[in-house]
Structure formats: C-alpha cells, structure tokens
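One is the number of the first residue; the rest follow in order along the sequence. Just follow the structure's listing: the first ligand is 1, and inside any ligand the first atom is 1.
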Amino acid sequence: MREQSFCLVLCVMMVCWDELDHHVVSHFRSYTYRYLINSYDFLNSSLIIKPSHLNYPYLINHPVKCGGRDGKNWDDVLLLLFVKSSPENFERRQAIRDTWGNESFVRSELGVSVRLVFAVGIHPDAEQRSRVQKALLQEDQVYRDLIQQNFVDTFHNLTVKLILQFHWKHTYCPQAHFLMSADDDIFVHMPNLVKYLQHLLSSQTGAKDLWVGHVHRGAPPVRIKHSKYHVPYDLYPWPSYPDYTAGAGYVVSGDVATKIYQATRLLNSSMYIDDVFMGMCAKAMGVSPQEHVYFSGEGKTPYHPCIYNHMITSHGHATDVRSLWQAATDPTAYRNSRGFMNNLYCTAVRVMLLCIPYYQNTYSCIAAFT
Ligand SMILES: *[C@@H]1O[C@H](CO)[C@@H](O)[C@H](O)[C@H]1NC(C)=O
Ligand SMILES: *[C@@H]1O[C@H](CO)[C@@H](O)[C@H](O)[C@H]1NC(C)=O
Ligand SMILES: *[C@@H]1O[C@H](CO)[C@@H](O)[C@H](O)[C@H]1NC(C)=O
Ligand SMILES: *[C@@H]1O[C@H](CO)[C@@H](O)[C@H](O)[C@H]1NC(C)=O
C-alpha cells in the first residue's frame, strides 16, 4: 500500500513536471523578437551572434528558377518545395520528380505553379566524392533542380542544409507564397496540399504567420551520451526545446520564411538538430507552429481511399512513392467517397485505422473525425 501511494505521488509529480515544462514553453511562446534582446531568458541572448553572411558557396545553383532575371519578372509561385536529399539518393529524387514533385502535373491538373528543388551538400566520403559529384552534375544537366552548397552532407550538418533553404528562398524565390521543407523519403498528397494552401490564401487572415506540420511540444533535450540526438548542456542548457514541427515535412508562409531567414543570421547555429534549430529561430521571432492532423511525423500512412481524401504527408516511403501516388491520386478512388453514408463509412474506417493501436499510427485518432 505504502509503495503504491509512493508510486502514485511520483507519477503525479512527473505529470506535473511535464506540464511545468509545457507551461514554460507556452508561456514564452508569445514573446516576439522585440523582447529577445532584453528579457528572453528561456532561449536567452547567449545564443545571439554577430549578424553573419557566412554561407557555404553554391556549387550547383539555379538563380532564375522562380523568375526574377534582373530582379524583376518574378513568376507567380504558390509553393516552393525544398526537398532535403543526400548526394547518393538519385532514385528517391527521381521518384519524387515523377510523382508528387511533378511541376507540370501541378500546373496542368491543379492550375497552380510550384517549384521543386533538392538541397544537397557534398558526399561525406572523400574517395567517392568526385564520382558522385560528376553524377550529380549530369543529373542536374537533365533536371536542373539541384541546389548544392560546399558542405559535407552529414547528419550533423542538417542545420546547414536548413539555412541553405531559407537563404535560397530569400534570395532566389522571395515571392513564393509558401515554402515546404521535406525529407526525400516522404510522400506528399499534392492535390490535398494545394487545396489546403489555396484555401489559406483566400481566407480572411490570408497566408500570414503560418508554420504548419506535425508539432512536437515541450520536447526535452536528450542528455544520454550515446544517443544519436545527444545534446550537451553547453550546446543547449535549458530543460525543454521550444515547440517545433517534425522535419519530415512542414510548410511556412512567405513572411515566416523571411523571419526565419533573419533569425538564422542572428542565432548561433551549432544546434545540429535542424527541426529544433528551426524551433529556436521561430521562437526568437515570435512564430509558433500549428498542428495539422494530416501531417505525419514519423509514421507511414495506412493505405486506404478514406485516408487519401485527407492526407497531406506521410513518412518512410523510400520505395513505394510511385504506387502510393497512383493509388492516392486516382480519380476513381474518390468517386465513391461522397454522400452521407460514405462519410459514415469512411469515418468508421478511419477510426479502425487510426484509433486502434494495432496498426502503426501515423495520424492521431482525432484525424478520424475530420
Ligand atoms: C542564459 O541561460 C543560461 C542557462 O539558463 C545561463 O547559464 C546564462 O547565464 C544565460 N545567459 C545570459 C546572457 O543571460
Ligand atoms: C508529369 O505530369 C505531366 C502532366 O500531367 C505528365 O504529362 C507527365 O507524364 C508527368 N511526368 C512524369 C515523369 O510522370
Ligand atoms: C559540416 O560541413 C563542413 C564543411 O564541409 C565541415 O567542415 C564539417 O566538418 C561538417 N560537420 C559535420 C559535423 O559533419
Ligand atoms: C555557438 O555555440 C557553441 C556551443 O555552445 C560555441 O562553442 C560557439 O563558440 C558559439 N559560436 C559563436 C559564433 O558564438
């Protein structure tokens, strides 16, 4: 009995502690950049560096991808799609170009303009570097969609890749209404995403102040030494990260992209976990992420038409992007999904797929009822 109540107290304490962390995060969420210099003491001024233009030089670039020759005639771009890729991932890039990243499909079928580019560094293995580099140059000759800077493409340089994306958007595609950053093993349901973004654009508040994805709230830094995500105290002394979206796939509006770009020049970028660094930048600029139930974090979507109707992103698709694209954008998959009875049926299916923990859960149970 004694032990049980001790356990209970401990559990209650842990829950409260969690909430306390949470509280700290949400409490400071509303602080804007104005306060950063003076009274920001959760992420404090120790993170501020001298504004730097430090940038790795571009090895492959496409400065007029979004128009803007001589600083004018910018194309009307709804969405700039930035896919984080690795030099050797040719197959994954090809699958994306052929499916959800197909610019002409989006133009002809959805009637809007998107731009697809891949962010890469240089191959980490010095012996293979020149061979891989040659292949990259050849690939780029054909598709003209690689953006490469001269940094070693490693896990610990992901933040460098994040900065590349915001720098490139700011410099070469400033007019794009939205920026999406995505891993090269995710699936994006482009028709659903475009519909969602167009809806935002036409809404009253417009496409401002938006950062949307699968949100991690009050996540604590991993202090265990042998973990892949180990972060020592001198890198990040606070007990909780600011809120951030899973790096697998998220979208920001143009104004937020500008703010993040500015923050990347003012904050120490040695936080190598790119998602967290993004959260730090956003927090410094007074931007908070919004949850969208159909953006996936880690999980892979259940394959079902009742899901295809709603899904935006799904993670872990190194090999099945093409088949999922076919299935998810097949117009006949939707023909039978309208009407009251079908809504009921689809809700029941989604409850089965998302709320019962026998399947790998991608989207939260709430998503079943939207
Ligand atoms: C920033 O916060 C850390 C950890 O709380 C603290 O050690 C440090 O003194 C603070 N620095 C400034 C400049 O306030
Ligand atoms: C891209 O979309 C266009 C227009 O729908 C289509 O004609 C073309 O075959 C697609 N490209 C690939 C590689 O699938
Ligand atoms: C990041 O890239 C730079 C430039 O190539 C390199 O000097 C550095 O070692 C890389 N860092 C990591 C952790 O791989
Ligand atoms: C950034 O932070 C790291 C780790 O705390 C530190 O070693 C480095 O000197 C800082 N860089 C700048 C430019 O202040």
Side-chain angles (χ1 to χ4, degrees), residues 36 43-60 81 83-84 86-87 90-116 118-130 132-133 136 139 142-145 147-165 167 187-191 194 221 223 228-238 241 263-274 276-277 280-281 284 321-331:
L36 172 70
L43 299 180
N44 63 18
S45 56
S46 64
L47 291 170
I48 298 180
I49 55 167
K50 282 203 218 95
S52 72
H53 291 276
L54 190 78
N55 232 316
Y56 292 99
Y58 287 102
L59 298 176
I60 304 178
L81 276 170
V83 178
K84 296 169 272 185
S86 299
F90 171 76
E91 291 297 328
R92 291 188 188 182
R93 289 191 289 274
Q94 197 53 32
I96 291 170
R97 289 180 187 116
D98 291 349
T99 58
W100 57 267
N102 181 348
E103 291 176 3
S104 3
F105 173 88
V106 176
R107 199 176 308 114
S108 66
E109 301 298 314
L110 308 173
V112 296
S113 176
V114 299
R115 294 290 183 277
L116 169 71
F118 295 95
V120 292
I122 57 176
H123 198 282
D125 180 349
E127 280 181 14
Q128 296 188 49
R129 193 169 295 156
S130 71
V132 174
Q133 192 60 22
L136 278 176
E139 179 186 344
V142 179
Y143 302 104
R144 314 201 66 75
D145 57 8
I147 307 295
Q148 185 188 40
Q149 276 182 346
N150 191 12
F151 62 85
V152 182
D153 200 314
T154 55
F155 173 73
H156 284 90
N157 263 341
L158 277 176
T159 291
V160 177
K161 204 174 272 183
L162 177 96
I163 295 172
L164 179 167
Q165 296 168 67
H167 180 267
F187 177 84
V188 180
H189 196 298
M190 219 39 174
V194 165
R223 305 297 191 190
K228 185 182 176 191
Y229 295 99
H230 169 67
V231 166
Y233 284 93
D234 55 352
L235 200 56
Y236 191 91
W238 302 281
Y241 288 139
T264 61
R265 296 186 47 214
L266 293 171
L267 296 185
N268 184 330
S269 60
S270 52
M271 165 54 73
Y272 65 88
I273 306 173
D274 56 335
V276 173
F277 182 66
M280 291 161 67
C281 290
V321 172
R322 290 168 206 273
S323 55
L324 181 55
W325 175 251
Q326 284 230 313
T329 59
D330 179 2

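The protein heavy atom nearest to atom 5 (O) of ligand 4 is Asp234 O, 2.9 Å. Atom 11 (N) of ligand 4 has as its closest protein heavy atom Asn268 ND2, 2.9 Å. Of the protein's non-hydrogen atoms, the one nearest atom 13 (C) of ligand 4 is Ile49 CG2, 3.5 Å. Of the protein's non-hydrogen atoms, Asn102 ND2, 2.4 Å is the one closest to atom 2 (O) of ligand 2.
Residues Met190 and Trp325 form a side-chain contact, since some pair of their non-hydrogen atoms from C-beta on lies under 4.5 Å apart. Under the 4.5 Å side-chain criterion, counting only non-hydrogen atoms from C-beta, Ile273 is not in contact with Leu158.
Taking any N or O of Asn157, backbone or side chain, at least one lies under 3.5 Å from an N or O belonging to ligand 3. In terms of N/O distances under 3.5 Å, ligand 3 is not approached by Phe151.
Side chain of Arg93 to backbone of Ser86: a donor-acceptor contact under 3.5 angstrom is found. In this structure, the side chain of Arg97 does not engage the main chain of Asn102 through any donor-acceptor pair within 3.5 Å.
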Practice prompt. Given ring-ring contact (aromatic ring centres under 6.0 Å, His included), test Tyr272 with Tyr229 step by step and report yes or no.
Written response: CA-CA 9 Å; Tyr272 65 88; Tyr229 295 99; 7.7 Å; no
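A salt bridge links Asp153 with Lys161: the closest approach of a Lys/Arg side-chain nitrogen to an acidic carboxylate oxygen falls below 4.0 angstrom. Contact check on Asp274 versus Lys84 returns a salt bridge, with a Lys/Arg side-chain nitrogen under 4.0 Å from an Asp/Glu carboxylate oxygen.
Of the protein's heavy atoms, none falls inside 4.0 Å of atom 9 (O) of ligand 2.
The residue Tyr272 has no part lying near ligand 3, judged by heavy-atom distances below 4.0 Å. Contact annotation: for Thr154 versus ligand 3, heavy atoms closer than 4.0 Å belong to the side chain alone. Looking at Asp98 against ligand 2, both its backbone and its side chain come within 4.0 Å, counting heavy atoms.
The shell of residues lying under 4.0 angstrom from ligand 3, judged by heavy atoms, excludes Phe155.
When each atom of ligand 2 is checked for a heavy atom of Ser108 under 4.0 Å away, the hits are 4 (C), 5 (O). In the vicinity of Ser270, heavy-atom distances shorter than 4.0 Å reach the ligand 4 atoms 1 (C), 2 (O), 3 (C), 4 (C). Close contacts of ligand 3 with His156, meaning ligand atoms under 4.0 Å from a residue heavy atom, involve 13 (C).
Distance check, rounded to the nearest 0.5 Å: CD of Gln148 to CG of Leu164 gives 9.5 Å.
Nearest heavy-atom pair, Val132 versus Pro87, reported as atom, atom and distance to 0.1 Å: CG1-CB, 3.7 Å.
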